[in-house]
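Quick note on labels: first sequence line is chain A, next is B, and so on, each numbered from 1. Keep in mind that the numbers below use all heavy atoms, side chains included, and drop hydrogens, waters and symmetry copies.
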2 protein chains.
Amino acid sequence: MNEVPITQRIECENCPLNDIPHLRPLEDSQRSLISTLKTGEMTAPAGATVLVEGSGNAYLFSILSGWGFRYKTLDDGRRQILNYVFPGDVIGLQGSLMDEMQHSIEALSPLVLCVFQKTDLPKLFSNLPQLAYDLTWLTAREEIMLDEHLLSVGQRSALERTAYLIAFLHQRARAARMLEGQKSIPVTQQHLADTLGLSIVHTNKTLRRLAILKALRWEKGGCTVLDETILLHISGWEGLPALKRPYI
Amino acid sequence: MNEVPITQRIECENCPLNDIPHLRPLEDSQRSLISTLKTGEMTAPAGATVLVEGSGNAYLFSILSGWGFRYKTLDDGRRQILNYVFPGDVIGLQGSLMDEMQHSIEALSPLVLCVFQKTDLPKLFSNLPQLAYDLTWLTAREEIMLDEHLLSVGQRSALERTAYLIAFLHQRARAARMLEGQKSIPVTQQHLADTLGLSIVHTNKTLRRLAILKALRWEKGGCTVLDETILLHISGWEGLPALKRPYI
DNA sequence: CGCCCGGTTGACACACCTCAACAAGGGTGG
DNA sequence: CCACCCTTGTTGAGGTGTGTCAACCGGGCG
């Protein structure tokens, strides 16, 4: 499933990321430089494993469309979902900077990925300092999200934690314009449980409490946020900083 | 306590970091360039808060000596320790890249910090691509550690988690040459509890179990690892990748 | 039709939390 | 020098949040 043919189809001028208001627009000169680095595209169906822990993959990807998640597993199968990935996110950087990936990535919905060669990374730092800066910015932003997840799993109760997670996914998805047309967040309760560090049964009961509070509605294969204010209030989370983020 | 006088005392050629074998040595040209960016030094006594969540600090620091930790708190006082910082680590990058810090940093032992101006960061990316690359490398490494912490807090049992944390601190401290002369890890059980997401009482009982297994010994104000193999075995952790890491 | 997957619910178990009391230092002030 | 307090660590008893087990439901799909 990692062997999907790589072909270039979308030109960078028509990149779907250009239309997402949450992303800081690229200058034309930057875009043309990026387009020289772009190797091609890759698609992955929902449920596919895009990157595998322990592998030393040769590519760096930027997500053009779709949902996915990063995770690690223990030997006996316990799985921790670390974070979710959205259009504009860069994945595979670990495999490019270090020798191998320390986590895996799986598609939640069909993914379209923009492919770069990991060997171009030093070139990017030498020739495109602004893009290198953006890349570091994105990595620092990932750290901010992980910090909040860790605070959540370590200190918040099941109800607080679940409210936080749903609000987090809602904010990120909305920023990426992925909830237009009443679309819901495409996760199973097992995904949420593995993110929260809770059992699936308790996750279910906690979600029902939030549904009774009219904070969300569970639909087949996903959930829809009805009242983000309640979720933020329950979790005591302030929400993501409203920064225009760069992309590559 | 954030107002310790800033003065330059140590020349970069005599930087204590040069002597730590775990760090990839700088080339002379790099070191001289860094020395032009170095603004001075700052010291902080044990227990001092070096950086505060929500502040937009003007500096970027590299740790020359001492132990510290990063943490976040909830409104009602619950605290989650996110990670520990060691000599060679860079802190304050969030305040430099974004508007403000999303976490605080406190000194566990007296800290000596090397101070850089945050406004020099774009200059560093433009003029010193290798150092910018190293900075990104360090950020990616921080992400790897956070991923493992999250896996730990989310999925591992109290015993597994505690074993992991002690082994982790031991490996990092040893790499930084901070355990020479029978020195122990200078944390209280409250620190460990706040890292593990456990109560202090249960942390105490779990540490005693590990002590009975002869994996560690608790001493006044810290712990000493007696048998790292046991800790790794209990936690099912493979240890930190043995990479020579860069520093700035 | 029948199977499988995802979601729901109740009963019960247990890992971990809270409360509480105490011990051993270390620091400080008289 | 002692007296006192505060911090840190230790231990027991009992409570609870969350896990485990198990049964069932509905829909999608072969």
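Between A/Trp237 and A/Tyr164, the ring planes lie perpendicular to each other; the angle is over 60°, past the 30° to 60° tilted range.
A/Asp194 has no carboxylate O lying under 4.0 Å from a charged side-chain N of A/Lys72, or vice versa, which leaves the two without a salt bridge.
Following rounding to the nearest Å, A/His202 (NE2) and D/dA22 (P) show an atom-to-atom distance of 20 Å. Distance CZ (A/Arg209) to C1' (C/dT9): 16 Å, rounded to an integer number of Å. For B/Asp76 and C/dT18, the CG to P distance is 11 Å, given to the nearest whole Å.
Remark: B/Thr73 pairs with no residue by the side chain to side chain donor-acceptor pair (under 3.5 Å) rule, at least two apart or across chains.
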Take B/Glu143 and A/Arg70 through the test salt bridge (charged side-chain N to carboxylate O under 4.0 Å, His left out) and record every step on the way to the result.
-> CA-CA 12 Å; B/Glu143 183 186 312; A/Arg70 301 197 301 121; 3.4 Å; yes
In the 5'-to-3' direction, what one-character label does each nucleotide of nucleotides 7-12 of chain D receive under the scheme B = base within less than 4.0 Å of a protein heavy atom, S = sugar-phosphate only, - = no such atom?
-> --SBBB
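For A/Tyr84 and A/His191, the ring centers sit 6.0 Å or farther from each other.
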